[in-house]
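Basis for what follows: all heavy atoms, side chains included, without hydrogens, waters or symmetry-related copies. In what follows, chains are A, B, ... by sequence order, proteins preceding strands, each numbered from 1.
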There are 2 protein chains.
Amino acid sequence: MRKGNETRERILDIAEAGVLAKGFGATSIDEIIAEAGITKSGFFYHFHDKNELARGLLSRHRSRLEQLVGEVFGRAAELSDDPLQRLLIGLTLFAEHMASMPGGHPGCLVATMSYQGQLFNREVRAMVNSIVEEWNAFFRGMVEKIVAAYPLREPVDPGRIARNITCAIDGGIIMSKSLGDPSVLPEQMLMARNYVKMLFQPAALHAVPREALAA
Amino acid sequence: MRKGNETRERILDIAEAGVLAKGFGATSIDEIIAEAGITKSGFFYHFHDKNELARGLLSRHRSRLEQLVGEVFGRAAELSDDPLQRLLIGLTLFAEHMASMPGGHPGCLVATMSYQGQLFNREVRAMVNSIVEEWNAFFRGMVEKIVAAYPLREPVDPGRIARNITCAIDGGIIMSKSLGDPSVLPEQMLMARNYVKMLFQPAALHAVPREALAA
DNA sequence: AGAAAACCGTACCGCCGGTGCAGTTTTCGC
DNA sequence: GCGAAAACTGCACCGGCGGTACGGTTTTCT
């Protein structure tokens, strides 16, 4: 009864590749079972419908992403004690990781499924929603620690800043796809990083000629 | 032979509503013709397949959006001669327009179709691509005028800034959908506006006490 | 050995996009 | 008002899709 999980994972692997490459709707069950070498009955033994497949994909995706983010921001925490630096370093490492993927990053299941919402039932949509909120909460937590330590240059809500980072990632993914250029995602992640940096770093040192201050 | 165009427009109206609400794949031809009160033959008389419907939707969407953007940034040009202010005012007006829509903005056809790419043929995808590039080029043109007049606080490429604005819009749309909160889009459009503002406005005026400069 | 888990085979359903084609009504220019 | 083109209708049919139903078989663990 170990083999059951193996098959399940194989189905998820094949489905995930299809969904990222072609979207959920365009990835047919027939196609999945053909590649997996099983029958339709076998598929429906593991997933009683396509919604359950979607949930399986999202669940796996979430934990994998949590691991990656944990590694990246864990490393950032090793490199600096400062909350601002931790976020900046983490975002840089994250962007570098996306840029380093051969053939470009695979795209994000959550982003994909957000836009195919009506293909799914409420359960799946709630799951997508909760994952997005997890991301926002994660970045918001980091931003709030920064706010406690740094003066804000403009009166901007931490939630907005957090959503801006998530937005840059989602927007970057969608634009990478639209333009067929995977470099847009890391580029825009770094833009989000720069935004945070500017919001908290005293700009005067760069923008104002030092003579003006010295005078 | 005027009635032909009327029917065509009616089909497009119904299809557009469906696509924005449920996505392209989930909007069936049967459903469209039922609401339009025509037969399947009638539908295929106007659009020889679903790809042509998609192109029709995109074409209409593009010209409508061009008009809106023209109005918004035209108004901004009336209100200021300064290239930076024109972009800032235009983005504010744009965000306000999105926020003012009852029941929230309808979402963007281009963003929707970017993520359903594999449902379409190359022609449609090329069209989506070209629209995204038009947007980038538009914002890039504005940014370049600003760059010519203002010192950049950080060495950031105008193209990146332009893509950041487009990204904020796309990301804002996708996050509004995911979270079921239409206010995220205008919020993130204003975040993009603020980014531009910070990049070009000498922060010193805010961050450095005026006395320090006067002294 | 036996029970549960992990499948297979087959036949079937309704929806969907799409085709083909012959026939009918509507509209417009002359 | 007439004729031709445009704008449809009606119907029959196709293959792919998600999904159901159910009886039978193999594999795996205990």
Side-chain angles (χ1 to χ4, degrees), chain A residues 1-19 21-58 112-113 115-125, chain B residues 1-19 21-58 112-113 115-125:
Chain A
M1 330 209 168
R2 201 178 301 139
K3 206 193 162 199
N5 278 329
E6 275 173 30
T7 304
R8 205 187 124 97
E9 287 299 307
R10 212 164 74 252
I11 293 173
L12 286 173
D13 286 338
I14 295 165
E16 186 173 313
V19 171
K22 315 185 296 182
F24 193 81
T27 305
S28 73
I29 294 175
D30 284 342
E31 175 192 328
I32 294 169
I33 64 175
E35 199 175 331
I38 58 172
T39 64
K40 221 167 186 180
S41 312
F43 175 87
F44 284 108
Y45 175 79
H46 290 285
F47 304 95
H48 96 276
D49 63 8
K50 232 188 166 189
N51 281 292
E52 204 174 307
L53 175 66
R55 269 184 288 147
L57 287 173
L58 282 173
T112 305
M113 292 189 179
Y115 249 105
Q116 315 224 334
Q118 298 298 329
L119 289 174
F120 311 112
N121 60 19
R122 289 186 195 107
E123 232 172 321
V124 177
R125 278 177 290 188
Chain B
M1 328 201 170
R2 202 179 301 139
K3 206 192 162 200
N5 277 328
E6 275 174 30
T7 304
R8 205 188 124 96
E9 286 298 307
R10 212 165 74 251
I11 292 173
L12 286 173
D13 287 337
I14 295 166
E16 186 173 314
V19 170
K22 315 185 295 181
F24 193 81
T27 304
S28 74
I29 294 174
D30 285 343
E31 175 192 328
I32 294 170
I33 64 177
E35 199 175 331
I38 57 172
T39 65
K40 219 168 186 179
S41 310
F43 175 88
F44 283 107
Y45 175 79
H46 289 287
F47 304 95
H48 96 277
D49 64 7
K50 232 188 166 190
N51 281 293
E52 204 174 307
L53 176 65
R55 268 185 288 148
L57 287 173
L58 281 174
T112 305
M113 292 189 180
Y115 249 104
Q116 314 225 332
Q118 298 298 330
L119 289 174
F120 311 112
N121 60 19
R122 290 186 195 109
E123 234 171 321
V124 176
R125 278 178 289 188

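- In this structure, the side chain of A:Asn5 does not engage the main chain of A:Arg8 through any donor-acceptor pair within 3.5 Å.
- Within the structure, a side-chain polar atom (N or O) of A:Tyr45 is placed less than 4.0 Å from OP1 or OP2 of C:dA6.
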Atom pairs under 3.5 Å: protein N/O with N/O of nucleotides 16-19 of chain D:
unit_1: D:dG18; atom_1: OP1; unit_2: A:Lys50; atom_2: NZ; d: 3.0
unit_1: D:dG18; atom_1: OP2; unit_2: A:Ile29; atom_2: N; d: 2.9
unit_1: D:dG18; atom_1: N7; unit_2: A:Lys40; atom_2: NZ; d: 3.3
unit_1: D:dG19; atom_1: OP2; unit_2: A:Lys50; atom_2: N; d: 2.9
unit_1: D:dG19; atom_1: N7; unit_2: A:Lys40; atom_2: NZ; d: 3.2
unit_1: D:dG19; atom_1: O6; unit_2: A:Lys40; atom_2: NZ; d: 3.3

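- If you take CZ of A:Phe47 and C1' of D:dT20, they are 18 Å apart, rounded to a whole angstrom.
- Between A:Ala54 and A:Val124 the shortest heavy-atom distance is CB-CG1, 4.0 Å.
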Where do N or O atoms of nucleotides 20-25 of chain C meet protein N or O atoms at under 3.5 Å, pair by pair?
none

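- For the residue pair B:Thr27 and B:Ala15, the shortest heavy atom distance occurs at CG2-O, 4.3 Å.
- Counting all heavy atoms, side chain and backbone alike, A:Leu57 lies closest to A:Leu12 at CD2-O, 3.5 Å.
- With rounding to the nearest 0.5 angstrom, the CE atom of B:Met113 is 13.0 Å from the CZ atom of B:Arg125.
- Under the 4.5 Å side-chain criterion, counting only non-hydrogen atoms from C-beta, B:Glu123 is not in contact with B:Asn51.
- In this structure, CG of A:Leu119 is placed 14 Å from C1' of C:dC15, rounded to the nearest angstrom.
- In this structure, CD1 of B:Ile38 is placed 16 Å from P of C:dT26, rounded to the nearest angstrom.
- The phosphate of C:dC7 (OP1 or OP2) has a side-chain N or O of A:His46 nearer than 4.0 angstrom.
- When the options A:Ile32, A:Leu53, A:Ile29 are evaluated for a side-chain contact (heavy atoms from CB on, under 4.5 Å) with A:Phe47, the one that passes is A:Leu53.
- Residues passing the salt bridge (charged side-chain N to carboxylate O under 4.0 Å, His left out) test with A:Glu52: none are found, sequence neighbours excluded.
- Remark: side-chain polar atoms of A:Lys50 are paired, donor with acceptor, to backbone N or O of A:Phe24 under 3.5 angstrom.
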Name the atoms and distances for all side-chain donor-acceptor pairs under 3.5 Å in residues 37-45 of chain B, with sequence neighbours left out.
unit_1: B:Thr39; atom_1: OG1; unit_2: B:Gly42; atom_2: N; d: 3.3

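- Between the P atom of C:dG18 and the CD1 atom of B:Ile32 lies a distance of 11 Å, rounded to the nearest Å.
- To the nearest angstrom, C1' of D:dT27 lies 15 Å from CG of A:Asn5.
- Partners of A:Lys22 by salt bridge (charged side-chain N to carboxylate O under 4.0 Å, His left out), not counting sequence neighbours, listed by chain and number: A:Glu31.
- Note: CD1 (B:Ile33) to C1' (C:dC16) measures 11 Å, nearest angstrom.
- The C1' atoms of five pairs define one axis at each end of the helix from C:dA1-D:dT30 to C:dC30-D:dG1, and these two axes lie 30° apart (to 10°).
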